[in-house]
Amino acid sequence: MPELPDITVYIEALERRILGQRLQKVRLASPFLLRTAVPPIKTAEGRDVVALRRLGKRIVIGLEGDLWLVLHLMIAGRLHWRPPGAALQGKVGLAAFDFAEGTLTLTEAGSKKRASLYLLEGEAALADHDPGGLEVMAAGLDAFSEALTARNHTVKRAFTDPKIFSGIGNAYSDEILHRAGMSPVAMTGKLSPAEIERLYQATRAALADWVERLRKDAGKGFPEKVTAFRKDMAVHGRYGQPCPVCGTKVQRIRHASNETNYCPRCQTGGKLLADRSLSALLKKDWPRSIEELEQLRGKR
């Protein structure tokens, strides 16, 4: 799912193309994409774009007359900038927003169509779609600490909860925790002030770093390579590959369709965290450290 860095760069690209431009027409290929009926989607047509915002992991397009288009890309939704009047792309094309200078299209790969579009009227209606998580890049250490420790969760869960932190998900939480040298299963209620400050600084540095990287990748073009798995990431999506800091093989914790990646040397003091499926299978044979894991591999 596109997260804060990806959404930020999407919005910057849209600002250069549609801010101040008139939305001429909205074309929907799927009736399931639009989740609101009032006001009708046709109401958005013929209005100028007056604002662009990020609301958590949502992209918000503000139209004159206090109307707001809210796009939630979910896991597989992606935006593309095409020539004026571009046709929707086969089965993956969900919507097109026509402007004089070009067409913004929304696609979603896969059979599970989860992306959504809302047309809202008024700031109050827009506020109802805000999960309420803290905007870390605009927050001080005290606010960060308060949000992080309000409830006792693992730090991984805290970072991926949109009601606690805004715009951070599975991918960048892995990168933040690696940069902070912190275990994903560390409990927020047991963190020391020094650990909280280290996590705060790592969060801001990781997000700022990735926003800048993605800006450079996109240049003046439209970001077309939006993905949760990037070759320059330290640990996310890099299971079995060497940690760029210490060379230890990146490990993982799998839960349902999600996977947490971490470096056992940099983050857990050499301890392997229990993976539910594998530890249940191996039981007492589950390796507790990097050394035990290497011994087990050697025997095999």
Side-chain angles (χ1 to χ4, degrees), residues 1-13 54 56-59 71-80 89 92 106-115 136 154-157 159-162 165-185 202-203 205-219 221-268 273 275-278:
M1 184 182 297
E3 300 175 28
L4 186 152
D6 312 275
I7 298 298
T8 297
V9 176
Y10 261 147
I11 289 174
E12 291 173 349
R54 179 183 59 80
K57 298 175 189 173
R58 298 161 178 80
I59 293 173
L71 280 168
H72 198 331
L73 302 177
M74 295 301 289
I75 294 175
R78 297 294 184 267
L79 296 176
H80 313 274
Q89 185 181 343
V92 299
L106 169 63
T107 63
E108 187 174 19
S111 59
K112 295 180 180 180
K113 301 304 181 184
R114 296 173 177 172
V136 178
T154 65
V155 287
K156 176 70 177 187
R157 180 180 173 188
F159 270 114
T160 55
D161 187 338
F165 293 110
S166 177
I168 303 173
N170 196 43
Y172 290 102
S173 61
D174 281 353
E175 296 302 288
I176 289 166
L177 292 171
H178 179 266
R179 187 177 290 235
M182 187 170 292
S183 169
V185 299
T203 302
L207 294 176
D209 179 36
W210 275 104
V211 167
E212 189 57 32
R213 290 191 196 197
L214 299 184
R215 279 178 182 147
K216 289 181 179 179
D217 286 347
F222 198 83
E224 289 287 350
K225 297 180 180 180
V226 176
T227 175
F229 305 100
R230 299 184 180 275
K231 64 179 182 179
D232 294 333
M233 284 183 162
V235 290
H236 183 72
R238 292 178 56 81
Y239 171 66
Q241 299 181 54
C243 166
V245 174
C246 70
T248 302
K249 289 184 178 180
V250 171
Q251 299 300 311
R252 67 186 176 191
I253 309 169
R254 288 177 294 186
H255 178 65
S257 59
N258 289 325
E259 183 175 299
T260 296
N261 298 120
Y262 68 98
C263 171
R265 185 77 67 193
C266 295
Q267 295 176 249
T268 62
L273 303 178
D275 176 88
R276 288 190 177 185
S277 57
L278 284 178

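Looking only at side-chain heavy atoms (C-beta outward), Pro264 and Thr248 come within less than 4.5 Å of each other. The side-chain heavy atoms of Tyr262 and Leu177, taken from C-beta on, include no pair separated by under 4.5 Å. In this structure, the side chains of Lys225 and Asp217 stay at 4.5 Å or more apart for every pair of heavy atoms. Using a 4.5 Å heavy-atom threshold, the side chains of Leu273 and Thr260 count as separate. Between Ile253 and Val185 the shortest side-chain heavy-atom distance falls below 4.5 Å.
Residue pairs that meet the side-chain hydrogen bond (donor to acceptor under 3.5 Å, both in side chains) test with at least one member in residues 174-183, sequence neighbours left out, are Lys156-Asp174, Asp174-His236, Arg179-Asp209.
No donor-acceptor pair under 3.5 Å is formed between the side chain of Arg238 and the backbone N or O of Asn261. The backbone N or O of Ala115 lies less than 3.5 Å from a partner atom in the side chain of Glu108, making a donor-acceptor pair. Under a 3.5 Å cut-off, the side chain of Tyr172 and the backbone N or O of Glu3 do not form any donor-acceptor pair. Under the 3.5 Å distance criterion, the side-chain polar atoms of Glu212 are left unmatched by any main-chain donor or acceptor of Ala208.
Nearest heavy-atom pair, Lys57 versus Gly169, reported as atom, atom and distance to 0.1 Å: NZ-CA, 3.6 Å. Among all heavy-atom pairs drawn from Gly247 and Pro242, the shortest one is O-CB, 3.6 Å. The two residues Thr154 and Pro184 have their closest heavy-atom pair at CB-O, 3.5 Å. The shortest heavy-atom contact between Ala228 and Ala171 is O-CB, 3.8 Å. Closest of all the heavy-atom pairs between Val92 and Ala109 is CG1-CA, 4.2 Å.
Applying the 6.0 Å contact sphere to CZ of Arg157 captures no more than 12 heavy atoms from other residues, nucleotides or ligands.
For Ser166, the side chain to side chain contact (heavy atoms under 4.5 Å, CB included) test picks out Arg54, Glu135, with sequence neighbours left out. Residues forming a side-chain hydrogen bond (donor to acceptor under 3.5 Å, both in side chains) with Gln89 (at least two apart in sequence, or on another chain): none.
Atom-to-atom distance recorded for Asn170:CG and Asn258:CG is 5.0 Å, nearest 0.5 angstrom. With rounding to the nearest 0.5 Å, the separation of CE in Met74 from NZ in Lys113 is 13.0 Å. Taking CD1 from Ile75 and NZ from Lys112, the interatomic distance works out to 8.5 Å, rounded to the nearest 0.5 Å. Taking CZ from Arg213 and CE from Met233, the interatomic distance works out to 9.0 Å, rounded to the nearest 0.5 Å. Interatomic distance, OH of Tyr10 versus CD1 of Ile59, reported as 6.5 Å (0.5 Å rounding). Atoms OG1 and CZ, on Thr8 and Arg215 in that order, are 7.5 Å from each other to the nearest 0.5 Å.
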Evaluate side-chain contact (heavy atoms from CB on, under 4.5 Å) for Met182 paired with Gln267, printing each intermediate quantity in order.
CA-CA 5 Å; Met182 187 170 292; Gln267 295 176 249; 5.7 Å; no

Can Thr203 and Ile168 be said to form a side-chain contact (heavy atoms from CB on, under 4.5 Å), step by step?
CA-CA 10 Å; Thr203 302; Ile168 303 173; 4.1 Å; yes

I'd like to know whether Trp210 forms a side-chain contact (heavy atoms from CB on, under 4.5 Å) with Asp232, so could you lay out the CA-CA distance, the side-chain angles of the two residues, the decisive distance to 0.1 Å, and finally the verdict.
CA-CA 10 Å; Trp210 275 104; Asp232 294 333; 3.9 Å; yes

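Exactly one of Val9, Leu73, Leu79 qualifies for a side chain to side chain contact (heavy atoms under 4.5 Å, CB included) with Pro2. That residue is Leu73.
At a threshold of 4.0 Å, the pair Glu259-Arg252 counts as salt-bridged, since one of the basic side-chain nitrogens sits closer than that to a carboxylate oxygen.
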